[in-house]
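Atom set for the values below is all heavy atoms of this structure, side chains included, hydrogens, waters and symmetry mates excluded. If you're wondering where the values come from, they're calculated on a predicted model, not measured in any experiment. Start at 1 and go down the list; that is how both ligands and their atoms are numbered.
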Amino acid sequence: MKQIENWLDFDKAHVWHPYSAIGADLPVYPVVSAEGVRIKLANGQELIDGMSSWWCAIHGYNHPEMNRALESQLKSMAHVMFGGLTHRPAVALAEELVKLTPEPLQSVFFSDSGSVSVEVAMKMAIQYWDARKQSSKQHFLTIRKGYHGDTFGAMSVCDPEAGMHSLFSDVLAKQLFVDAPESLFGEPCSAEEIAPMEQMLEKEHRQIAAVIMEPIVQGTGRMRFYSADYLRQVRVLCDQYGVLLILDEIATGFGRTGRLFACEYAGISPDIMCVGKALTGGYLTLAATLTTRRISETINRGEPGLFMHGPTFMANPLACAAGVANLQLLLDSPWQQRINWIEQQLWNGLEPCRDFPQVTDVRVLGAIGVVEMKQPVDMKSIQPQFVEAGVWVRPFGRLVYLMPPYVITDDELKTLTNAVTEVVSR
Ligand SMILES: *Cc1c(COP(=O)(O)O)cnc(C)c1O
């Protein structure tokens, strides 16, 4: 299958893409390489990447230092099981994560993907309460419009409507939901707004293991930035009602919002935190769940005295080496200034979209820029328009958004925002 048409045909006939139908009449573009912020298509065209491959490729593609770290790790070992064995890349990455995340988070569990790290977080919370002889605490409370992944536990706490709960209703765990806050980032949260969360906790805390939320940015669910004050108050309520707080920083972690972790905006620390996506700079799939010493020690004291999870590829050395190199690159860079600058450029570039009748909102936080349309975009017509404009932008629903690699230049970012403005205006 050397001819590109042949393998593209095979792709179309046999291979699923994310949330897709096999054989669908939607374009899928063949990529041959990627370098810096550019993705090169088989026809030679180069696209400026506005997506960081879904929040991941923060330093761009084919980065010499990332490559060096992986090549060097490859020469010693690509993988070895983690049961009964350990290795420097895993320990070095765990050390770095413990150092960078809020101080109480001291214990690290590595897994293969964000969704699995959420499953792990949920199991930690249940095992913690079980060890404290409160085994009725097995449910989770969350806000609507959230997204936590595609596996069953994670799906059960996704938005009940967008999350297709009806399709899987017989097998999905029944969780508790309250409306997502409407107050925006930068605004205070009123007593009325927090009241549903408080009432639910007051009424149901005996069956709730944890509240789980995306901090500040509700990502895939609606790309919306909510009040840090709301998050801060949720932390207080969790403590008050004896419920753990799980924060899913999978999308927001590692600088994307302008802080290393979005929970820093609320000045709080979760009991359990999930990280993934940008953890390896977009090189390999890896996630981690972090928790406090109090929780890991309590789990040890319960039955069966172990945390009950252990993926085959746990702490894969190549992925961990990518993680270490990625964090080193990030911390050695003036990332905070970079993100502030990207934020300013996104505002400058996207703000004009506000004047279009088909646009309801333009919002920016850190290196995330969102144009919200009145109607869902037609992917079949809009995707080729972006490609034609020389950019890789992948809208969903009513949302056209940019989250470029942190290393993007002024001209490249202008090309991205101009393309969005241009395509959205049609
Ligand atoms: C992407 C994402 C996940 C799921 O991660 P996968 O690696 O796709 O399994 C979970 N939570 C949030 C907030 C995410 O953005």
Going by salt bridge (charged side-chain N to carboxylate O under 4.0 Å, His left out), name the residues that satisfy it together with Glu202, two or more places apart in sequence or in a different chain. none
Salt bridge (charged side-chain N to carboxylate O under 4.0 Å, His left out) filter on Asp179, not counting sequence neighbours, yields Arg144
Is Arg222 salt-bridged to Glu372, going by a charged N under 4.0 Å from an acidic O? no
Over 60° means perpendicular and under 30° means parallel, so tell me whether Tyr226 and Tyr230 are parallel, tilted or perpendicular. perpendicular
Side-chain donor-acceptor pairs of residues 28-37 under 3.5 Å, sequence neighbours excluded:
unit_1: Glu35; atom_1: OE1; unit_2: Asn62; atom_2: ND2; d: 3.3

Tabulating one pair per line, provide the atom names and distances (0.1 Å) for every N/O atom of ligand 1 that is less than 3.5 Å from a protein N/O atom.
unit_1: ligand 1; atom_1: 5 (O); unit_2: Ser115; atom_2: N; d: 3.4
unit_1: ligand 1; atom_1: 7 (O); unit_2: Gly114; atom_2: N; d: 2.9
unit_1: ligand 1; atom_1: 9 (O); unit_2: Gly114; atom_2: N; d: 3.4
unit_1: ligand 1; atom_1: 9 (O); unit_2: Ser115; atom_2: N; d: 2.7
unit_1: ligand 1; atom_1: 9 (O); unit_2: Ser115; atom_2: OG; d: 2.6
unit_1: ligand 1; atom_1: 11 (N); unit_2: Asp248; atom_2: OD1; d: 3.4
unit_1: ligand 1; atom_1: 11 (N); unit_2: Asp248; atom_2: OD2; d: 2.6
unit_1: ligand 1; atom_1: 15 (O); unit_2: Lys277; atom_2: NZ; d: 2.6

Do Asp248 and Tyr147 meet the criterion of a side-chain donor-acceptor pair at a distance under 3.5 Å? no
